[in-house]
Amino acid sequence: MSKSNVEVSWSDCIVIFNSLISNIENLKEYVDSEDVDDDDLYEAEEELNDYVTLLGRLKDKYNSLQDKGELPKDLVNKINALV
């Protein structure tokens with residue numbers, strides 16, 4: 001299988017991280033709500049797991065970059081709290 005690469009500028013990482021964090025927070029609220037039926041809950045939990053996994057992978061990739069800008073401290077704290 002061939003391996004594909006995607007290049008993202010470090011400043012775009014902030015947008016990506018913020019979007020993932022927002023989706024994770026919204027899904028957590030949805031999962032914790034009492035109005036969710038079992039089928040929707042299962043799908044939401046799967047999607048939540050996917051976002052958290054992706055956030056972790058992107059965090060690792062970002063941390064391994066040699067030439068990167070510094071992320072805002074509050075963003076780093078949010079990422080660390082979720083991963």
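We use all heavy atoms of the structure for the numbers below, so side chains are in, but hydrogens, waters and symmetry mates are not.
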(message) Once rounded to the nearest 0.5 Å, what's the spacing between atom CD of Glu29 and atom CG of Leu48?
(response) 11.5 Å
(request) Of all the heavy-atom pairs spanning Val83 and Gly56, show the shortest one and how long it is. (result) CG1-CA, 3.6 Å
(message) Which residues pass the side chain to side chain contact (heavy atoms under 4.5 Å, CB included) test with Glu25, not counting sequence neighbours?
(response) Ile21
(message) Please report the interatomic distance CG(Leu55) to CD1(Ile24), rounded to the nearest 0.5 Å.
(response) 4.5 Å
(message) Under the rule for side chain to side chain contact (heavy atoms under 4.5 Å, CB included), what residues qualify as partners of Asn49, not counting sequence neighbours?
(response) Thr53
(request) Return yes if a side-chain donor-acceptor contact under 3.5 Å exists between Lys78 and Asn18, otherwise no. (result) no
(message) Do Ile16 and Ile14 land in one hydrophobic cluster if side-chain heavy atoms of ILVMFWY residues count as linked below 4.5 Å?
(response) yes
(message) Is any side-chain heavy atom of Leu20 closer than 4.5 Å to one of Leu58?
(response) yes
(message) Please report the interatomic distance CG(Asn23) to OH(Tyr51), rounded to the nearest 0.5 Å.
(response) 4.0 Å
(message) Measuring from atom CD of Glu46 to atom CG of Leu27, what distance do you get when rounded to the nearest 0.5 angstrom?
(response) 11.5 Å
(request) Check the hydrophobic clustering (I, L, V, M, F, W, Y; side-chain heavy atoms under 4.5 Å; chains of links allowed) and say if Val76 and Tyr62 are grouped together. (result) yes
(request) Quick one: closest heavy-atom pair of Val31 and Ala44, and the distance? (result) CG2-CB, 3.8 Å
(request) Working to the nearest 0.5 Å, report the span between CG of Leu41 and CD of Glu45. (result) 4.0 Å
(request) Compare all side-chain heavy atoms of Leu71 with those of Lys59 and state whether any distance is below 4.5 angstrom. (result) no
(message) Would you compute the distance between atom CG of Asp50 and atom CG of Leu54 and round it to the nearest 0.5 angstrom?
(response) 8.5 Å
(request) Determine the minimum heavy-atom distance between Tyr30 and Asp40, stating which atoms define it. (result) OH-CB, 3.5 Å
(message) Would you say Val36 ends up clustered with Tyr42 if hydrophobic residues are merged whenever their side chains have heavy atoms under 4.5 Å apart, either directly or through other cluster members?
(response) no
